[in-house]
Amino acid sequence: MRILVSGAGMAGLSAGITLGAAGHEVSIVERATHLRVNGSPIDIRGDALSVADKMGVLDAIRAHRVDMSERVQFVDAAGRTLVELPDSEFNDSIDDTEIPREDLARVLRDALDPATTLTFGESIAELRDDGDGVDVRFASGEQQRYGIVVGADGIHSATRGLVFGPESQFLHHLGLYVALAQLPNYAQPDRRNPMYNTPGQLAGIAAYRDKALAVLMFRSSWIDYDYHDPAAQKQILLDAFADHREWKIPELLDAAVSDPELYFDSVSQIHLPVWHRGRVVLVGDAAYCASPLSGRGTSLAMTGAWLLAEALRDHTDDIAAAFDQYQHEQLPHVTYAQGTAAPGGDLLIPATEQEIDARNSRLSALSANR
Ligand SMILES: Cc1cc2nc3c(=O)[nH]c(=O)nc-3n(C[C@H](O)[C@H](O)[C@H](O)COP(=O)(O)OP(=O)(O)OC[C@H]3O[C@@H](n4cnc5c(N)ncnc54)[C@H](O)[C@@H]3O)c2cc1C
């Protein structure tokens, strides 16, 4: 079957691999002009590890493993360590694997079937599903017909917008914003990844290998802005930290403002009752974003891509039955991942000074008992 995948993030690339391996003729379109690899390293957990194995990429993933999260320590304004973040707070099992986004994107792209096409700078402008196929008009003006369309275009999915309606119906804001930017020329003095809290805010440095990222998070109610506008994102960040000159906050804000590939978004989830309509189906954040706090967004994307390809194999002549099976089998993973997200906010960004102290006391006690 001719399949169009919209988005070449972790969900789109994974769907490209699994659907291509199942013998489909797959085309992926990515709106950006290159693979978007900024952001912090990614965790692959639980069933996604066995899916990665079946996709033939587990060894490559393990070969690029990093230990960024294991090095997190909460510090005071003078940079003194207050408490470490024990790995029991962010890992389910010692098999959980953390890999830089750039490495995972490359591993997945290299695993695509050579017949699968990947076109950058392209996106869907219009879809028309007539029951037997989907006619697509692209932003470039090109028109093609496909058997199915897979929307893997992230939390702000344009495919979802075209087929299911405005994202405000499905997006649940968890009360936080996150920014990640390259921190150039950072000479790491030791192996620590320091994180500094003020009530409702976190500023930190996440270093791995020879790279470092500025991490800025803050609590806020929903902010209306054009999420395609980097200048608006940077202004929101500057406003959020305007009263803070302590620790390394000015340096981290400078890095965020200077980074043309800044990652900035609300920490939100997507709750969509049904992930498919007609011949269009959603995979990854587009359908069931669990938020960065879950640490499971990429794992969900990989299991989703695998289960979708399996369901299409099980129901070659019945797309609706295939999509129902995909949702039925993926739903428990989604429910679990979305359910684990909320405590992450209290751990990383306590809302008050008392909550910061309570978090630190709890983590100290945990470390003492190890
Ligand atoms: C640049 C970036 C950095 C990220 N950094 C982090 C991070 O540090 N920590 C974290 O927990 N999560 C991060 N995420 C989210 C994380 O990647 C996802 O939760 C998870 O990997 C699921 O991936 P996904 O493919 O569903 O969505 P995404 O990773 O968001 O990928 C969606 C892809 O679709 C593309 N796209 C968007 N709109 C269109 C369109 N209209 N047409 C075609 N293509 C389109 C995007 O450019 C992107 O490549 C980041 C996402 C992005 C895009």
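Just so we're clear, the structure is a prediction, and the values are computed from it rather than from any experiment. Start at 1 and go down the list; that is how both ligands and their atoms are numbered.
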**Item:** Atom of I356, atom of T198 and distance for their closest heavy-atom approach
**Value:**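 Heavy atoms only, the tightest pair is CD1-C, 3.7 Å.
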**Request:** Mind listing the closest non-hydrogen atom pair of Y263 and P292 along with its distance?
**Result:**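 The answer is OH-CG, 4.4 Å.
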**Asked** Between D103 and R209, is there a side-chain N and carboxylate O pair less than 4.0 Å apart?
**Response**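 Salt bridge: yes.
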**Asked** For Y227, which residues count as a ring pair (Phe, Tyr, Trp, His ring centres under 6.0 Å) partner, sequence neighbours excluded?
**Response**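 Per chain and number, Y227 pairs via ring pair (Phe, Tyr, Trp, His ring centres under 6.0 Å) with H156.
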**Asked** salt bridge (Lys or Arg N to Asp or Glu O under 4.0 Å): which pairs involve residues 153-177, sequence neighbours left out?
**Response**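 As it turns out, the salt bridge (Lys or Arg N to Asp or Glu O under 4.0 Å) pairs with a partner in residues 153-177, which skip direct neighbours, are R160-E167.
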**Prompt:** Who's touching ligand 1 if we go heavy atoms under 4.0 Å?
**Reply:**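 Around ligand 1, where the cutoff is 4.0 Å for heavy atoms, the contacting residues are S6, G7, A8, G9, M10, A11, V29, E30, R31, R36, N38, G39, S40, R101, E122, S123, A152, D153, G154, A158, L180, Y263, G284, D285, P292, G297, T298.
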**Prompt:** Can you list every ring pair (Phe, Tyr, Trp, His ring centres under 6.0 Å) pair that touches residues 286-309, not counting sequence neighbours?
**Reply:**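 Sorted result for residues 286-309: W275-Y288.
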